[in-house]
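Throughout, protein chains are lettered first and strands after them, A, B, ... in sequence-line order, and every chain is numbered starting at 1.
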Number of protein chains: 2
Amino acid sequence: MSDLGARLRAQGKRLTSQRERVLAAVGRLGHGTPEEIADAVAGDGGSAVPASTVYRALDALQELGLVGHTHVDHRAPSYHLADHATHLHLVCRGCGWVGEVDLDAADELVTRVDERLGFAADVSHAAIHGLCRSCREKSS
Amino acid sequence: MSDLGARLRAQGKRLTSQRERVLAAVGRLGHGTPEEIADAVAGDGGSAVPASTVYRALDALQELGLVGHTHVDHRAPSYHLADHATHLHLVCRGCGWVGEVDLDAADELVTRVDERLGFAADVSHAAIHGLCRSCREKSS
DNA sequence: TTGAATGCAAAAAATTTGCATATTG
DNA sequence: CAATATGCAAATTTTTTGCATTCAA
């Protein structure tokens, strides 16, 4: 389950140092855009990895279900470890503020979605938009 | 409340035919990427509106809280009317399948987020990622 | 009037793709 | 060996910006 090599091979893919480094970088960052991940990889001692390889590595790791991503702000997918399930994001449409809530807030949602469609929702890191307390008051 | 002109003026903004047409197009489409919206606007009889204006109009309408957007697939924000609250999206990480569930599935989530942070969540059209029934079985 | 919004064209970003070469299994 | 990934550079795609001009209030 945690054997990256085996999981990759199971899908006809291969284990490469780049993929290991990208995965490690995502874990270190917690959250990161492809660019931030590329920077993190570049800073791990090894040689730099071109953006295209980072994108391809993230795709592969995502197909494996090891990483996932969300869109916290407009233009930037943010990747994270799939098992680093901690919270979900709240993004204010008014001021851009980003907050977090514990996953248990969505327990019922997960249950219902499973019952109704057999869908295994991964709400961790999901981004929910709306208005934060202050913007809410302003727009009376 | 439904007077577009007044709402715009309240924020020092102005009512223009482009903004009216963009808003109308979003309503007609239900969901749409900026590009699709631009096409829809172009097809409403009037003259074409450049992409930059569509982007600026969407920003303005979003600031007003009249429209919102979600990221259903990787690279394409999908805009919708804020009050066209109908469902939320389920996106399969494995095969890309996109399903919908009624908003009531998230009632508890909305309540909790409000209680805990005073955040007015707009789960309508939110995108929740995970695995659909079949991909779930495959990945045993 | 007068500042906000538009149209266009050019500039930035952010991704993706082609292909020869290097690597993994 | 054979097939998959990488590295680079070039090509796309998507969004943003600068500015002169037009238009709403």
Between C:dA14 (P) and A:Y79 (OH): distance, integer Å: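 About 13 Å, once rounded to whole Å.
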
Provide a list of protein-nucleic acid N or O atom pairs under 3.5 angstrom, restricted to nucleotides 11-13 of chain C.
none

If a protein heavy atom is under 4.0 Å from the base, mark B; if only from the sugar-phosphate, S; if neither, -; do that for nucleotides 3-8 of chain D going 5' to 3'. BBSBBB

Mind jotting down which residue pairs meet the side-chain hydrogen bond (donor to acceptor under 3.5 Å, both in side chains) criterion with at least one end in residues 15-25 of chain A? Sequence neighbours excluded, please.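 Those involving residues 15-25 of chain A are A:R21-A:D44.
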
Partner set under side-chain contact (heavy atoms from CB on, under 4.5 Å) for [X], not counting sequence neighbours:
X	answer
A:T111	A:E115
B:L64	B:L4, B:R7, B:L8, B:Q11, B:K13, B:L66
A:A10	none

Give a yes or no on whether a salt bridge exists between B:R112 and B:D107, defined as a side-chain N under 4.0 angstrom from a carboxylate O.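 Salt bridge: no.
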
Donor-acceptor contact below 3.5 Å, side chain B:R9 vs main chain B:R14: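 Such a contact is absent between B:R9 side chain and B:R14 backbone.
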
B:E63 side chain vs B:A60 backbone, donor-acceptor pair below 3.5 Å: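 Such a contact is absent between B:E63 side chain and B:A60 backbone.
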
Just N and O in the side chain of A:Y55: are any of them under 4.0 Å from OP1 or OP2 of C:dT16?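 Checking A:Y55 against C:dT16: no side-chain N or O falls below 4.0 Å of OP1 or OP2.
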
Who are the side chain to side chain donor-acceptor pair (under 3.5 Å) partners of [X], not counting sequence neighbours?
X	answer
A:R116	B:D104
B:D102	none
B:H69	A:H74, B:Q62
A:H89	A:H31

For DNA chain D, the residues among residues 22-31 of chain B that have a non-hydrogen atom under 4.0 Å from it: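 Those residues whose heavy atoms fall under 4.0 Å from DNA chain D, taken from residues 22-31 of chain B, amount to none.
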
Note down the inter-axis angle between the two ends of the helix from C:dT1-D:dA25 to C:dG25-D:dC1, five pairs each, to the nearest 10°.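 Rounded to the nearest 10 degrees, the bend comes out at 50°.
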
